[in-house]
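Take a look at the structure set out below.
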Amino acid sequence: MYFIANWKMFGDIKSLNSLNKVLKFLRLKNSNKFRLIYCPPYTLLNLFHKKIKNSNIELGAQNCHQEEISGPFTGSISSKMLKKIGAKYVIIGHSENRAVGETNLIINKKIESSLRSGLKIIFCIGETLQQKRKKHTHKVLLEQVSKGLKGIKKLNNVIFAYEPVWSIGTGIIPKSNDLKKTIVFLRKNLLKRFGLKNPKILYGGSVNPKNVRNFKELNVIDGFLVGGASQDSKKFIDIVKKTFN
Ligand code: PEP
């Protein structure tokens, strides 16, 4: 099971102290049942990398520029730079970036260049509330997946995160039945279109220690992308604990 912490645009040097609890938890519970990945803001990547050295926590970034090679792209960071600083993963296609103009075409380029740089991709897909109301969820997911992965070869290095946009940060979660159907639909189509036999598919959207068990019991999810609750180490640890107990 994957547990991915997306800190979004939160956190400063002091917030690194909150990792002590997580490191302690990992020392006590040396388990191969789960992987913990932290995606802090760019400003903390270097410090995180040093802090988590010799632990089982892995490092990811929240986004990158579509060009892997350095160039005149003010304010941007390339996948190569991320790799050099110790990141193993990068989140691509998060709805908060799609909402400010990131298209499926840009996402496709980002995935391609990040894979070339040797990163693993946490590829976010999901429908908006309006699309859900129009019953367009499956259509939207198929479009995001087929355009986002067009021409991509190393699909084994892509982890999918199904994140209904209406669930992110709202406390509203999908009905178990709907979620299960959607994940099963995705699995079928990833097999049919890309030959992916056992893709890793995570769920993201208002996951917390109280609801995580219900998601896990659906038996179709390989882990969680956690935003808000991951900024509180106790909650994040509880999410891991509750998943297994
Ligand atoms: C996210 O940002 O990917 C996310 C799932 O956020 P939250 O857990 O706060 O809904």
Side-chain angles (χ1 to χ4, degrees), residues 1-11 15 18 22 34-45 48 57-64 87-102 107 110-111 114 119-129 131-132 137 140-141 144-145 148 158-176 178-179 182-183 186 200-216 218 220-243:
M1 293 291 281
Y2 286 80
F3 296 87
I4 304 181
N6 173 17
W7 272 19
K8 310 188 190 225
M9 199 171 73
F10 291 97
S15 27
S18 68
V22 182
F34 60 86
R35 308 178 84 115
L36 283 196
I37 301 163
Y38 267 82
C39 303
Y42 295 131
T43 48
L44 295 180
L45 280 172
F48 248 79
I57 299 179
E58 296 175 289
L59 190 62
Q62 296 174 18
N63 202 356
C64 66
K88 287 193 181 159
Y89 299 83
V90 60
I91 297 175
I92 303 282
H94 195 284
S95 61
E96 286 156 12
N97 294 322
R98 291 180 188 263
V100 291
E102 196 174 72
I107 288 166
K110 289 186 178 188
I111 293 178
S114 300
L119 295 173
K120 292 188 179 173
I121 314 297
I122 300 154
F123 177 27
C124 297
I125 51 175
E127 81 286 1
T128 63
L129 185 57
Q131 290 164 335
K132 175 182 153 62
T137 298
V140 169
L141 293 180
Q144 290 175 338
V145 165
V158 178
I159 298 164
F160 298 83
Y162 170 56
E163 298 206 301
V165 182
W166 46 272
S167 177
I168 295 179
T170 59
I172 304 167
I173 55 171
K175 289 190 185 119
S176 297
D178 290 349
L179 180 57
T182 303
I183 304 275
L186 263 174
K200 297 283 172 232
I201 305 183
L202 319 185
Y203 168 76
S206 295
V207 173
N208 64 39
K210 286 191 186 135
N211 60 24
V212 71
R213 185 85 200 157
N214 297 340
F215 293 128
K216 161 83 179 346
L218 298 176
V220 289
I221 292 169
D222 299 302
F224 303 97
L225 179 51
V226 186
S230 74
Q231 289 149 35
D232 176 332
S233 292
K234 185 178 169 341
K235 273 194 193 154
F236 195 48
I237 294 169
D238 278 349
I239 286 175
V240 179
K241 284 185 181 164
K242 297 274 171 162
T243 301

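Remember, it's 1-based here, ligands and their atoms both numbered in the order they're listed. Starting from 1, each residue takes its place in the sequence as its number. All figures in this text were calculated on a predicted structure; none of them were measured in a lab.
K234 meets the salt bridge (Lys or Arg N to Asp or Glu O under 4.0 Å) test with D238; sequence neighbours excluded. By the side chain to side chain donor-acceptor pair (under 3.5 Å) test, Q231 pairs with no residue at all, sequence neighbours left out. By the ring-ring contact (aromatic ring centres under 6.0 Å, His included) test, Y162 pairs with no residue at all, sequence neighbours left out.
Shown here is K242, whose NZ atom has no more than 12 heavy atoms of other residues, nucleotides or ligands within 6.0 Å.
Under the 30°/60° scheme for interplanar angles, the aromatic rings of F224 and F215 are found to be tilted.
Near ligand 1, residues N6, K8, H94, E163, S167, I168, G169, G204, G205, S206, L225, V226, G227, G228 each place a heavy atom inside the 4.0 Å sphere around the ligand atoms.
Put simply, the residue from I159, L202, I91 that forms a side-chain contact (heavy atoms from CB on, under 4.5 Å) with C124 is I91.
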